[in-house]
Amino acid sequence: MSKLEKHAPIFLNNTESKLYPCLKEDMEVEFAIIGGGLAGITLAYLLKHMGKRVAVFEANQIGMGTSLRTTAKLTIQHGLIYDKLMHTKSPGKAKQYADANRKAIEFVKETISKEQIECNFMNMPSYIYTTDEKYIKAIQDEAEACKRLGIEVNYKDQIPLPIKVKAALEWEGAALFNPNKYISSLAEKFTADGGRIFEETPITRLVPGEVSVLETDKGCKVSARRIVIASHYPMYDGLGLYFTRLNMQRIYVLGLKVDKEKLPKGSFISVDSPIRSIRPIYEQDIVLIGGGHHRVGDDQHEAAHFEELKQFGKEVLNSDEVYSQWSLQDYVTPDSVPYIGYLNSSKYHNIYVATGFNKWGMSNATNAALILKDLLLMGTSPFEDLFNPQRVSAYKGKTFINHNIEGIKNYIQGKLRTVPKDTFPDKGEAIVAELEDGNVYGIYQDEEEHYHIVDIICPHVGARLRWNSAEKSWDCPFHGSRFSIDGDVLEGPSTHKLNGYKEGKNKIHPNLI
């Protein structure tokens, strides 16, 4: 297996993606959806079934972002969420969260059956577990919260995995599937009904109004009466201050080849530290192990996380045969509830957002599509208050404060970082250096001894980028934008690439208002 294949997400390896055209001319549409992941494509599918004129605009290829890099668990067990929500919000809000995600999972199951989608779907229970006595009470409290909310979970002292646990909760309504095959099939149904998808079409500007206008990187303009931003991180803020209340996290995933008889019967997540997420892929005799969570740009030893996951796999599954490994990025909200609804209800009533899925994107992205469909077509949803992006709880609490302190600290540290002069990196390495034109650049030397030189001031709000040795990318520790060695945008919120050597300094495009 080549290095490129080994570092590709496993669901990419198993799916032939259909290519859609890029936008080459101005157009008008009733509903414009920015982002072709699970949330965007599901919403487009739903709206088209209601006879609406819908277009989806994807910066790369549909389903190829976080939707493809996930471990793809369909479960309402989002960590120890229900006891937390009962105490920080209310029992009613906690039940709404469970009901919304259960409804989303039922929708996926029904859609797969109705549309006869081949996506390796399998009903399979999910488990939360601990190997540490100090977390037993937390598991028990979660079990009690679930009982009060009418969520049927089973308390266990063992799980179908060779790990000695102290306590666990089983939910039998969970499932596993291939998200890329599912998204691709929904996209085909959507376009067969007359919907339009444009790939390789980054939206770089949004001009709000009664009829809003989107502008692409090629200068094409799209007029739309309703716009949904489902681009993972909002590419346009609309004074919603999302950069202050979305904590960006890197997560690492390892795919291990395992003997068929050792494939576990379920999906799992620990509450211990470090957290370990586990799920099997039965059709390939592979087990995915996720973990190594950290804030984007805060960890200078990204590659070490893969070694830790490999060691865990060796101990638990007696395998160290790595089939594939990759990392992904997700966004966490201060109160553990996604932002789904009006981008900024005090300013705009025709621009909507779905973001902050808190590492549980399969159910939460589908949930977002269902809620947004109701808001777009009926003006209301039974879940709109819980997921309201402008709710007060999104702006307070220890998590909100710590996120902003870390962001400011990283911004200042980047500006003050010393710059080596007259040095160049070894093959496969990168440095930050001031060159003869007086500007500071990031310099990477590839295995063919070619240098890749880019201005490493982030075009979003001007923070200094940091090198990610595991993914060979330049990452922003302030708001999470990521760029390739040649400056192409890998992850938002930045909508503009980095300039190369002697192309001038990067211009700042915050897209905040």
Side-chain angles (χ1 to χ4, degrees), residues 38 70-89 91 93-109 121-132 135-161 163 165-177 179 251 253 264-280 287-291 293 330 332-333 335-338 356-368 386-387:
L38 179 58
T70 176
T71 53
K73 300 175 183 177
L74 284 164
T75 179
I76 64 170
Q77 283 187 307
H78 298 173
L80 301 176
I81 185 71
Y82 297 106
D83 183 59
K84 175 182 177 179
L85 292 181
M86 286 184 67
H87 285 88
T88 59
K89 293 187 180 294
K93 296 294 187 186
K95 187 175 187 306
Q96 275 197 321
Y97 186 88
D99 290 345
N101 280 279
R102 184 155 35 201
K103 181 180 178 182
I105 294 170
E106 290 170 357
F107 170 83
V108 173
K109 293 181 178 181
F121 176 85
M122 182 176 293
N123 288 302
M124 190 63 59
S126 61
Y127 298 85
I128 303 173
Y129 73 89
T130 182
T131 60
D132 191 329
Y135 290 110
I136 293 177
K137 185 168 188 310
I139 295 279
Q140 292 173 339
D141 289 345
E142 183 73 359
E144 180 61 27
C146 288
K147 180 180 178 181
R148 289 183 60 187
L149 297 174
I151 302 170
E152 295 183 0
V153 295
N154 303 312
Y155 188 87
K156 300 279 188 178
D157 58 10
Q158 59 183 2
I159 57 176
L161 196 68
I163 295 177
V165 302
K166 298 295 184 181
L169 293 181
E170 174 191 63
W171 185 61
E172 296 180 342
L176 302 172
F177 74 140
I251 308 160
V253 183
K265 304 298 182 183
S267 64
F268 312 82
I269 190 163
S270 69
V271 299
D272 311 343
S273 183
I275 293 174
R276 295 290 180 249
S277 175
I278 304 160
R279 73 147 284 180
V287 174
L288 301 185
I289 304 172
H293 305 218
D330 210 347
V332 177
T333 63
D335 60 0
S336 301
V337 175
F357 296 151
N358 297 288
K359 306 170 190 173
W360 296 103
M362 296 297 95
S363 59
N364 270 323
T366 305
N367 171 37
L386 173 62
F387 295 97

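Since we're looking at a predicted model, the values are computed, not measured. The first residue of the sequence shown is numbered 1, and numbering continues consecutively from there. Scope of the values below: all heavy atoms of this structure, side chains included, with no hydrogens, waters or symmetry mates.
- We find the CG-CG distance between D141 and D83 to be 5.0 Å, quoted to the nearest 0.5 Å.
- For the atom pair CD1 (I275) and NZ (K359), the distance works out to 6.0 Å, reported to the nearest 0.5 Å.
- Side chains of N123 and K109 form a contact here, defined as non-hydrogen atoms less than 4.5 Å apart.
- The closest side-chain heavy-atom distance from P280 to L176 is below 4.5 Å.
- A distance of 14.0 Å separates NZ in K137 from OG1 in T130, rounded to the nearest 0.5 Å.
- For the pair L386/V337, a side-chain contact is recorded, criterion being any heavy-atom separation below 4.5 Å from C-beta on.
- In this structure, CD1 in I159 is found 11.5 Å from CD1 in I128, a value given to the nearest 0.5 Å.
- Side-chain atoms of I151 and K95, non-hydrogen and from C-beta on, never get closer than 4.5 Å to each other.
- For CD of Q158, the number of neighbouring non-hydrogen atoms (other residues, nucleotides, ligands) closer than 6.0 Å is 12 at most.
- Contact detail for V153 and L169: the closest heavy-atom pair is CG2-CD2, 4.3 Å.
- In this structure, T333 and G356 approach most closely via the heavy-atom pair CG2-O, 3.7 Å.
- The shortest non-hydrogen separation linking M124 to K265 is SD-C, 3.5 Å.
- Here the closest non-hydrogen pair linking L38 and G361 is CD2-O, 4.0 Å.
- In this structure the side chain of W360 never reaches within 4.5 angstrom of the side chain of Q77, judged on heavy atoms.
- Here the straight-line distance linking atom CZ of R276 with atom CZ of F268 works out to 15.5 Å at 0.5 Å rounding.
- Checked by atom type and distance alone, the side chain of R102 never pairs as donor or acceptor with a backbone atom of I76 at under 3.5 Å.
- Applying the side chain to side chain donor-acceptor pair (under 3.5 Å) criterion to K156, with sequence neighbours excluded, gives no partner residue.
- Taking both residues in full, the closest heavy atoms of I105 and L74 are given as CD1-C, 3.8 Å, listed atom of the first, atom of the second, then distance.
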Using the side chain to side chain contact (heavy atoms under 4.5 Å, CB included) rule, take L149 and M86 through it: C-alpha gap first, then chi angles, then the decisive distance, then the call.
CA-CA 9 Å; L149 297 174; M86 286 184 67; 4.1 Å; yes
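- Contact check for P160 versus Y127: side-chain heavy atoms found under the 4.5 Å cut-off.
- Put simply, the side chain of S336 does not reach to within 4.5 Å of the side chain of H78, judged on heavy atoms.
- At a threshold of 4.5 Å between non-hydrogen side-chain atoms, the residues P179 and T70 count as touching.
- The shortest non-hydrogen separation linking I139 to Y155 is CG2-CE1, 3.7 Å.
- The backbone N or O of N367 lies less than 3.5 Å from no partner atom in the side chain of N101, so there is not a single donor-acceptor pair.
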Between L80 and E142, is the side chain to side chain contact (heavy atoms under 4.5 Å, CB included) condition met? List the steps.
CA-CA 6 Å; L80 301 176; E142 183 73 359; 3.8 Å; yes
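- Among S363, S267, S126, the one residue that satisfies the side chain to side chain donor-acceptor pair (under 3.5 Å) test with T75 is S126.
- To the nearest 0.5 Å, atom CD1 of residue I278 and atom OH of residue Y129 are 4.0 Å apart.
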